[in-house]
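Taking it in order: structure first as structure tokens, then the write-up.
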Amino acid sequence: MSPELINENLSAIVARIEAARKAAVKPAPATTLVAVTKTHGADAIYPALIAGQRVFGENRVQEAQAKWPAIRAEYGDIELHLIGPLQSNKVREAVSLFDAIQTLDRPKLADVLRAEMDRAGRTPFLFVQVNTGEEPQKSGVHPRDAGALIAHARALNLPLKGLMCIPPADTNPAPHFALLSKLAGENALPLLSMGMSHDFEIAIRFGATHVRVGSAIFGERLKN
Ligand SMILES: *Cc1c(COP(=O)(O)O)cnc(C)c1O
């Protein structure tokens with residue numbers, strides 16, 4: 001995709017976020033666009049950076065490790081989010097690279113994150129991923145276990161700030177966004193990461209503080 005088109009897409013998404021916020025009865029105090037660059041290289045990332053975008057999402061630690069350190073050396077104010085599943089053996093790399101990890105989904109991972117943050121002296125902020133659709137193949141904590149995981153993360157004094165979900169494909173996402181918002185309220189968590197290219201406006205209606213948009217900005221994914 002050409003730099004011009006990426007630029008146009010990005011402006012259009014930013015405008016749609018603003019419009020959705022205006023139309024929402026009770027929008028979040030702010031909605032941050034997380035531009036999802038998985039499978040896309042520096043040629044796609046630079047036009048977004050030049051346009052002023054600073055918050056980005058990647059779903060694989062190794063892929064992010066290959067792309068971002070060089071870009072970060074140039075742009076000091078990037079905020080990089082991990083939005084894909086995190087294995088315990090990748091926690092060291094993840095804590096050193098990311099500013100936010102959206103996919104805390106089990107107590108063991110919380111333990112490993114605590115130990116690594118202590119070791120590295122770096123504390124990316126966290127979201128608990130909730131499997132709102134209770135899909136067996138999908139990561140994320142079951143909604144009924146979310147409270148216990150949140151309590152565990154808090155007992156460890158982890159920088160837990162919010163909840164994240166990926167609703168099942170081809171279903172109405174609204175009930176999933178409503179459930180995530182309810183769980184965040186019950187647990188006094190201020191951040192809600194929900195909404196992707198096809199449903200971010202609906203997520204904003206339910207109070208999204210972070211929307212994760214990839215293909216609507218950068219085009220279809222190249223691999224993955
Ligand atoms: C790829 C991805 C997105 C972005 O999806 P698009 O439909 O391309 O906007 C958002 N969240 C997660 C977790 C993803 O893996």
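In each ligand, atom 1 is the first atom listed, and ligand 1 is the first ligand listed.
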Enumerated ligand 1 atoms positioned under 4.0 Å from heavy atoms of Ile166 = 13 (C)
query = For atom 12 (C) of ligand 1, what is the nearest protein heavy atom, given as residue, atom name and distance?
reply = Ile83 CD1, 3.4 Å
ask   = Numbering the atoms of ligand 1 from 1, which are under 4.0 Å from a heavy atom of Lys38?
value = 1 (C), 2 (C), 3 (C), 14 (C), 15 (O)
inquiry  = Looking only at protein heavy atoms, which one is nearest to atom 9 (O) of ligand 1, and what is the separation?
reply    = Ser197 OG, 2.5 Å
key: Polar side-chain atom of Asn187 near backbone of Leu189 as donor-acceptor pair, under 3.5 Å   = no
ask   = If you count the non-hydrogen atoms of other residues, nucleotides and ligands that lie under 6.0 Å from CD in Gln62, is the total more than 12?
value = no
key: Near-ring test His210/Phe200, centroid separation under 6.0 angstrom   = no
request  = Among all protein heavy atoms, pick the one closest to atom 5 (O) of ligand 1 and tell me residue, atom and distance.
outcome  = Met196 CE, 3.4 Å
query = What atoms of ligand 1 come closer than 4.0 angstrom to any heavy atom of Arg212?
reply = 4 (C), 9 (O), 10 (C), 11 (N), 12 (C), 13 (C)
request  = Can you measure from CG (Leu126) to CE (Met117) and round to the nearest 0.5 angstrom?
outcome  = 4.0 Å
note = Near Val213 (heavy-atom distance under 4.0 Å), the atoms of ligand 1 are 9 (O)
request  = Say whether, by atom type as modelled, one donor and one acceptor occur between the side chain of Arg212 and the main chain of Ser193 under 3.5 angstrom.
outcome  = yes
